[in-house]
Amino acid sequence: MNTLSTERRAALLTFVTHEARLADESEYQAWQDLWAEDGVYWVPRNDGDYSPDKQVSHLYDNYRRIQTRVAQLKTGFRYSQVPVSRMRRLLSNHEYFAEADGRFRVEANFFLPEFSVQAVHDFRLWSGRVTYVVSERGDSYQIHLKKVVLVNADEPIPTLAFLI
Amino acid sequence: MNTLSTERRAALLTFVTHEARLADESEYQAWQDLWAEDGVYWVPRNDGDYSPDKQVSHLYDNYRRIQTRVAQLKTGFRYSQVPVSRMRRLLSNHEYFAEADGRFRVEANFFLPEFSVQAVHDFRLWSGRVTYVVSERGDSYQIHLKKVVLVNADEPIPTLAFLI
Amino acid sequence: MNTLSTERRAALLTFVTHEARLADESEYQAWQDLWAEDGVYWVPRNDGDYSPDKQVSHLYDNYRRIQTRVAQLKTGFRYSQVPVSRMRRLLSNHEYFAEADGRFRVEANFFLPEFSVQAVHDFRLWSGRVTYVVSERGDSYQIHLKKVVLVNADEPIPTLAFLI
Amino acid sequence: MATVDKYEALIQTDRIHGSLYTDEKIFDEEMETIFYRSWVFVGHASELPNPGDYLTRDIGRRSVIMARDQNGGIGVMANRCQHRGNMLCNQNRGNARNFACPYHGWIYDLQGNLLDVPYRQGFKKDFANMGLETLKTEIYRGFVFSTFNPDAVPFADYLGRGFELIDRACDLSPEGEIVLEGGWMRHHFDSNWKMMPENDTDGYHVSFTHRSMMQSLESQYDEFAGEEGKIPGEVRDWGNGHTEIDFTGGYKRPLDWLGTTAEKVPEYVRSLEQAYGEEVAKKRLFDGPPHAAIFPNLFLGEMNIVIFQPVSANTSIQWATPMFLKGARELDFRLLRQCEGALGPSSFLLADDASIAERSQKALLSGTPWCDLSRGLEREKHNDDGVMAGHMTDETSNRGFWNHYKQVMTAE
Amino acid sequence: MATVDKYEALIQTDRIHGSLYTDEKIFDEEMETIFYRSWVFVGHASELPNPGDYLTRDIGRRSVIMARDQNGGIGVMANRCQHRGNMLCNQNRGNARNFACPYHGWIYDLQGNLLDVPYRQGFKKDFANMGLETLKTEIYRGFVFSTFNPDAVPFADYLGRGFELIDRACDLSPEGEIVLEGGWMRHHFDSNWKMMPENDTDGYHVSFTHRSMMQSLESQYDEFAGEEGKIPGEVRDWGNGHTEIDFTGGYKRPLDWLGTTAEKVPEYVRSLEQAYGEEVAKKRLFDGPPHAAIFPNLFLGEMNIVIFQPVSANTSIQWATPMFLKGARELDFRLLRQCEGALGPSSFLLADDASIAERSQKALLSGTPWCDLSRGLEREKHNDDGVMAGHMTDETSNRGFWNHYKQVMTAE
Amino acid sequence: MATVDKYEALIQTDRIHGSLYTDEKIFDEEMETIFYRSWVFVGHASELPNPGDYLTRDIGRRSVIMARDQNGGIGVMANRCQHRGNMLCNQNRGNARNFACPYHGWIYDLQGNLLDVPYRQGFKKDFANMGLETLKTEIYRGFVFSTFNPDAVPFADYLGRGFELIDRACDLSPEGEIVLEGGWMRHHFDSNWKMMPENDTDGYHVSFTHRSMMQSLESQYDEFAGEEGKIPGEVRDWGNGHTEIDFTGGYKRPLDWLGTTAEKVPEYVRSLEQAYGEEVAKKRLFDGPPHAAIFPNLFLGEMNIVIFQPVSANTSIQWATPMFLKGARELDFRLLRQCEGALGPSSFLLADDASIAERSQKALLSGTPWCDLSRGLEREKHNDDGVMAGHMTDETSNRGFWNHYKQVMTAE
Ligand code: FES
Ligand code: FES
Ligand code: FES
Ligand SMILES: [Fe+3]
Ligand SMILES: [Fe+3]
Ligand SMILES: [Fe+3]
């Protein structure tokens, strides 16, 4: 089932943990630098069992749009993130898979109790499952796909302007 | 303290992660298949420091009742799970122990922000500690005991018809 | 990046998991015994990017005050913890670092859905990042620093009388 | 008077208005009228075996302490210090010599009398006037009922023919006593409390709401799904808001209600025969326990005791514990598992009732419709014993609840 | 009368009172008056392609089912069983032969007629009177509008010149039809619903609220930031509460509104020319879709359809879906990405509008100030077509909304 | 008039009614009467050392900005744009040249004057009338007090003998100034705000609520548990709702109130002597700071400054910061650690007061009892200085609070 070596799994865990921390800490540029140029960042509007070419998603960014998103956040006037939300997300229940073409897939459940401070000062709860597809780049990895399936993907959700 | 080998711990972690995913995804039959025939699935009404023969529990299933529970869910008319709750639980803080008779015990804290969609569309929070007692079966494990101690076990709790 | 050996990381993980369980279970004395005599237990009032000698913190205990805190809890009349809160915290996204002088630093995100039972019977959510600095003592470790940065550190927070 | 008119308008013979479930003002009036001015069930004497045992419970929104004093008497009193109003007990249960308030140390005995205040010179009021607010309390076969209202109607007038229902339950014990030692499940419903007594004595929903259980588990309720003309049993209105589903007509053998046979529980059969004689025992073993709601908050749910606790118009808590029989404790294991199977958040039965109730509540919050209550109006009739009875699927029991409710809510 | 005076006082020509956004009583009155007594947008016929298709949606606080029956007709009815009030459908959408209530099994057809009740002997009422509450419904070019009020004003009187705005949207399709098959994002706002139509037709905020987008992305809105005298386009009050920002004046080339050029979408250009002739097609390709709010809850948001759903005084939900064009589905991918970019919780645009709305809501909850609405009062004027128009940055559109709102809220 | 009667009935000499803590309508009236029509404490001048420094704070439910302008003056104004009501600042503190609204870009200076609106031609109103709502503000020894009411009573009438209490605090500084640079802990209580001033000047609860601290830590409060006749110190009602516990009588040595001795802080002792002469310094070093509540929301908590912030009837926030002494900053470390030990969510002291308050709140929500306030009524007396004083354990201070509260709430 898990044909990946212990070292591989540890390295992948380290990588996704790092990615999560950059997102938590609104380290926009460093986060963008993790992406491959064919990267797709996707938050589907349900389980993701539809074609994003046929149905609308909460977020479906190709690399260019990821750059735009990051550029907008970096202006300092992205009011939906002024001030930035306070976040410390948890990833757990990781599963590791080998993909074709030397890529690797990591899936994990996550919980992110966003503390929103733009207007309403309260927790907003984000729960779901994240899938990464990555490949090696230098001594680390690059992201080809990050798909974030929210448990309430098909429900009304509040503003999601931070990096999830 | 932890006399189990790294490999054993990794295998046990993989197993409980798998069990959690089946429960999350309402994969009822596959979940049932994880159980040993002497299996006990127990959600005590407090820490579990009482005899289930003397005190009522939220849930105290032997293997037969586990089968009934799964059969009921599979009818599609278990209204307390129509539609199924959207769940991505987190297990963490795992601890691993060798038990008598070649069994293993895994304990972990968990948090499950159930997104309820049957009537009230909102999160219901489930927090606690889960104890598994398992033994090897084939190249995986079978469950002899799954005990789920909720932090609010002795408080009013909402309907718990999904697999926790 | 992670120069620590797999064994070291596993041992550190076991240690902080153990610490978390003692805190969860209000095992006050055993928890106190984990501390080094130069221990500092700190919950800053924001990210902790200020000097605790210049700014007030939610909690800034040296070893002596840790002892007082534990002694107070042990009286049984610390009403803000009568009865004790029901807790099962999650630590995840661990990162491990070597420090000077043979010390080790472990950082992790945490989420603690405290079930409060002193007056209001409900969850109180605690989310943040914990940093441990530890060194070896016997076949385990001792704590020199535990710094708990809450995501809402700079917001109004409810009573925090348990061990976080 | 306006209030009287309101309830007259909202509760009609063949229908009731949805706002009765959702209006917070109506909820407040219910608390005052039903929960604070009338009698309610609080708990059972067997929950407090020893002197000093106490438990806390909510009557409507008010927390009370039920305690057994050093003389073995049981009292019920407000869980609130007479000094500045602090909550006296914040634990569900315990054993105490007396109650000390954590704020300034006032001390009350187990009957609620003020024993001492720290620094007595500064306090000049008469201790006799400063005891805890105590509730008028009556106990029948261990069932403790109380009222905040010293001028409430006599207890017997309140309970009415409910005595018979309680008797039917207790008489299943060879010693005539039930024992509530199994602990309480508490199941949170996002729905109005009145949906609980309604649903618990509604025979109409069984085949539909519980379709998944019917398909996956044989049970004593299987007899009650079928052709309209052939369904055995009946629903009843005992007056005073007490209502029942009687399943006896559908039982085929003694102990059907326990999901077992006489052969499998010989000890119990023998002790019942020894206690009451063969004939009486036989009848009891066949008929089994009542399935009856005692207005407003007690449900004798066959071999379980259930409490309905209102929290707000839109939330309530259902308490459930197995009804152990003194002198037949070898049944405990079976009763525990049946209790978990039928009642509580993970049960095969009530879990679905709860979700259905929450669906109803949500739908009723969305607009204010009328709810039909006419089913079986034409065919219900008084039995020989004077109790109004209807077809198993009819709304006779629910009408009984609402008739009494209207009477209480519109009484001067 | 007191109510009339209240709204007269709160809504003045040059300012409105903050309590209009925060007062729960006013919210209740809006639900009754605007959402239950007048017409509202429910959905689009293309959402239900097949017989038996249904969806649920909320009108104000009331859940309704919109269904396509076996004859292909579309009906809208309350999502609540006529028996005891249970919620009939608890899924967002589906396909069904009929609707069975889970509580006691009553069955309704797709038009809401009661078909059957289990155990019919016990139920004596006439089925004809026990169907679901159905809403008066009118469909214009697939846009389904309904009202709970059988005596509501004629649909045409309600929609007024809104027909022209809907036409402008649909006429972009070579087949004259739009298709809503892309699914709905639902974006939760912690703010009052009226901030949505206000903000969506406010030309004043663009350079400020959307400063970060302006700095990081070229868009069709860039033309509209600049010197006051040189800003093209205008805001409009079409009457009946319908309001618009017209961007046409700022477009430089055909298809600017789609962020593309005719060369890049030749197929679409060709089919439009074939359908309507070259001249008409040319104008449409230049002018593009409307950016207009139809009172009270529909927004024709250029190539998107948006619904405003009030939840409470302080919370609302904005629905958004791309407006696909029948006969030009090769544009779908582009429209999907534009929809996500402009609307919804992660968009470059609306995410910031939502946060600004939540800031406003919070500030208005903190005290009850007047909000100024005077901008451009002196320079607005009626266009030749009779529509009141103002400078792109003026509050003509918002005044249009409030004028109509006051009229509705103070009507007998 | 009805309102006057209500408060007369609820507040009696020897008891007050529980609804004063739980009734949301009463809370609303308190906001209007006490927090918006009277004077309240906002902050301290030392929190804004530089021009352009600002902070936001809530007065009742209203957010205000306190800012230091370019001339060094301090002003307080509503945190809400005069255009459409947006929240101007959404940060707790900062430094700004002016305030720009994010919605449409209106710009205000640090005194709240409207400086500019984008696209000025469209806006015809006089800027002079469109500045931020400013509060009437007075500063005494750095303590900033404000009122929304331009016709509020004169500041001196409001503060009354509170001047003396503030003096006692500031006079501990060799330079006569306190410095609030330590940052604020904010501690959320699920209880009514009035429990904070009550509890903070209640000498009766110390041995009971704080039993665990007494058992595990030596403190300056140990002297105040013991036999009734031997307890030193007293509680005081200074009029105007200002109340105090005076611990001086229990101190045995200079600097007992700082948990230290003169030997350990020689520098401080010396600078105080140099500033005020040996005799005055000696008295101050012995007597220490006040432990006094200034009506309605300021608490001079010995070496800490505390603000009571009401949020709703059932929730409040207690702010706390150490009171640094200008000219004696070597004490900062000690004061920080003492502040954390005494106040805030993890403190040895207030954590338990908070839980006790939450227990009280919950109990008072459960029924509406009277709370006794009679303790020491017979033995309280006016001191020579005209201040009413009672035994350390008496409710003289709490009666002082309620007397004034009643006066304010029933004033025309
Ligand atoms: S409130 Fe109970 S002793 Fe004061
Ligand atoms: S409520 Fe629908 S069938 Fe009874
Ligand atoms: S609301 Fe502030 S500029 Fe418009
Ligand atoms: Fe049922
Ligand atoms: Fe906008
Ligand atoms: Fe205290």
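None of these values were measured; they are calculated from a predicted model. Lettering of chains follows the sequences in order, A, B, ..., and the numbering in each one begins at 1.
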Does any heavy atom of chain C fall under 4.5 Å from the side chain of V117(A), the backbone, both, or neither of them? side chain
Nearest 0.5 Å please: distance from the CZ atom of F123(A) over to the OG atom of S127(C). 5.0 Å
Contact leader toward chain A among V149(C), L90(C), L125(C), where contacts are heavy-atom pairs under 4.5 Å: L125(C)
Side chain from CB out, backbone as N, CA, C, O: work out which of these in D139(A) comes under 4.5 Å of a heavy atom of chain C, or both, or neither. neither
Shortest non-hydrogen contact from R88(A) to N109(C)? CD-OD1, 3.4 Å
So, N93(C) side chain and T17(A) main chain: donor-acceptor pair closer than 3.5 Å or not? no
The reported gap from NE2 in H94(C) to CG in L13(A) (rounded to nearest 0.5 angstrom) is 10.0 Å
CZ of F110(A) to OG of S92(C): how many Å apart, nearest 0.5 Å? 12.0 Å
Report the C-alpha separation of E95(C) and R21(A) in whole Å, then their side-chain angles, then the decisive distance to 0.1 Å, and conclude whether the salt bridge (charged side-chain N to carboxylate O under 4.0 Å, His left out) test is met. CA-CA 10 Å; E95(C) 299 185 77; R21(A) 181 150 59 79; 2.5 Å; yes
